[in-house]
Amino acid sequence: MHEITLQLADEEAMTAFGARLATVTQGHGLIFLDGDLGMGKTTLSRGLIRGLGHTGSVKSPTFTLVEPYEIGDIRAFHFDLYRLVDPEELEYMGIRDYFDEDALCLIEWPDKGAGFLPKPDLTITIRPHNTGRLLTLTPQGSRGESWCAALAPEYK
Amino acid sequence: MPQTKHLLADPQALSADNLAPLPRRAPSAHKGQFGHVLLVGGDRGFGGSITLSAQAALRCGAGLVSLATRPEHVPAALVRVPEVMALGVSSANQLMGVLAHASVVVVGPGLGQAPWGRSLLSAAAQAKMPQVWDADALNLLSNAVIMLAPGSVITPHPGEAARLLGISTGQVQADRPAAARALVKKYSVVCVLKGAGSLVAGLNGELAICSHGHPAMATAGLGDVLAGVIGALLAQGMGAYEAACLAVWLHARAGEQQGQLGRGLAASDLIPAIRQLLEEHAPCTK
């Protein structure tokens, strides 16, 4: 397990990192985004989804729980589980089906869905650091490790 | 400016004389020319509502009709309307494939406001074809910032209109034309404000009122039928305002006819009556 940490100075850097993540993942895999309100989870997601080639707006899925994107052959789902009342609600919205076809799934507030989500390829934890952000990338499994291996040299 | 000429005028009363017709069909017509309506809704406990919408869309001449609902509602829907392509969807992911094939989407009847309905609505909201948003889709819309696709229609009753505008139902009813116009402005869609004296408001300031109807129409499922009728007319190439006007008139006239039989009108009773009225208004062939 090779955890990596990186510092991002501002929103622009967060968006650019999202775009890098898009390239590294090639639009497949499961990523958890941890961090308090206002940490930039949605900014990172926006950078990633735009990085996959989406040209329209990227809205926060806080109310709808999930925003789907179809970008050429790539399917991406951006989840925000903040308003989930009970993790079991995920079962009623067919959560498992989203993970069947190896689409890219980004999940904000994964703790709210504990017990009903599979193990992610990567967990990104965002914390404040000076005026910017400190990101910890924790891979779980070989796919996440290969992403981290690709990113590590760029963010030393 | 021409687009403001209707703004302060009284609403136009809908009648057979001022409604747009559907074009006649050529002898060589095929189903691909009359659109593909996809109906999305029917969470647990509400499978009937979206099935009624599908039946209405089919009976108003849509070329193809698909239904996306809870998997457990599919067998019942197939028994009721085997002509409809019924697809069980348990997630927005499963909806996306079928969305790509539709030319018009009707979303909302029986959709509910739970995560299932919310996630399906988010998939529909990303699609670009004209849509009819009804019932729970409107309740969800009032909580979210979503732009509907061009050429779409919303069909609120006064309570839903009030939530969408953030005012009371009393305020909506006190000035219904103003409420209908405010919704057109807010969402850039055609608005059907339901209730006795249904109003249709268009994007260029058009406003029409339907003075037909019957108290026997005060029953469940009537709105589901209306949404399906609008969807079928859109699919056959009518503009959003013209489709909404014709659908509202057909629906109210059918309700008048069926209402003569008294209390106990079932929403599905309207569907054959609407079909007949549509044929009288705009015959399929010469």
Side-chain angles (χ1 to χ4, degrees), chain A residues 27-28 30 42 45 49-50 52-109 112-113 116-118, chain B residues 40-46 68-74 87-102 105 107-108 111-129 133 136-150 163-164:
Chain A
H28 300 286
L30 176 56
T42 301
S45 304
I49 290 160
R50 292 249 170 85
L52 292 172
H54 178 72
T55 50
S57 64
V58 176
K59 295 189 294 282
S60 166
T62 306
F63 183 73
T64 53
L65 286 171
V66 53
E67 285 291 326
Y69 297 92
E70 207 152 25
I71 313 153
D73 293 335
I74 296 171
R75 239 175 224 197
F77 297 100
H78 180 197
F79 292 84
D80 183 341
L81 307 186
Y82 186 68
R83 299 241 190 124
L84 206 63
V85 180
D86 185 321
E88 202 179 1
E89 281 190 281
L90 291 175
E91 200 68 10
Y92 298 133
M93 65 180 277
I95 190 73
R96 275 177 290 182
D97 167 65
Y98 291 95
F99 309 123
D100 280 353
E101 292 153 23
D102 203 21
L104 183 84
C105 292
L106 280 173
I107 303 191
E108 298 186 32
W109 299 97
K112 304 261 182 186
F116 289 85
L117 296 173
Chain B
V40 182
D43 201 354
R44 292 184 180 121
F46 304 100
T69 187
R70 279 283 189 190
E72 51 267 54
H73 296 144
V74 168
L87 177 75
V89 292
S90 44
S91 71
N93 186 14
Q94 292 174 338
L95 181 63
M96 288 168 80
V98 65
L99 263 175
H101 297 113
V105 174
V107 60
L111 186 69
Q113 297 184 49
W116 180 80
R118 279 148 62 185
S119 58
L120 294 192
L121 189 68
S122 73
Q126 299 256 353
K128 305 282 182 245
M129 68 290 282
W133 283 34
D136 282 321
L138 300 176
N139 293 323
L140 295 172
L141 181 63
S142 64
N143 285 300
V145 186
I146 300 173
M147 285 310 292
L148 281 82
R163 280 191 286 280
L164 288 169

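Computation of the quantities below employed the complete heavy-atom set of this structure, encompassing side-chain atoms and omitting hydrogens, waters and symmetry-equivalent molecules.
B:S119 places no side-chain N or O within donor-acceptor distance of the main-chain N or O of A:V66, the cut-off being under 3.5 Å.
In terms of heavy-atom proximity, A:Y92 sits nearest to B:R70 at O-NH2, 2.6 Å. Taking both residues in full, the closest heavy atoms of B:W116 and A:M93 are given as N-CB, 3.8 Å, listed atom of the first, atom of the second, then distance. Of all non-hydrogen atoms in A:P68 and B:A123, the two that sit nearest each other are CG-CA, 3.5 Å. Annotation for A:Y98 and B:A92: closest pair OH-N, 2.9 Å, computed over non-hydrogen atoms.
Interface remark: B:Q126 contributes side-chain atoms only to the contact with chain A (heavy atom separation under 4.5 Å). At a 4.5 Å heavy-atom cutoff, A:R96 makes no contact with chain B through either its backbone or its side chain. Residue contact with chain B, scored on non-hydrogen atoms closer than 4.5 Å, is absent for A:F79.
More than 12 heavy atoms of other residues, nucleotides or ligands shown are found within 6.0 angstrom of CZ on A:F116. Counted within 6.0 Å of OH on A:Y69, heavy atoms from surrounding residues, nucleotides or ligands total more than 12; the atom is thus considered enclosed.
Of all the listed residues (B:L140, B:V89, B:L121, B:I146), the one sharing the greatest number of non-hydrogen pairs under 4.5 Å with chain A is B:L140.
Put simply, CG on B:N143 and OG1 on A:T64 are 11.5 Å apart, with the number rounded to the nearest 0.5 Å.
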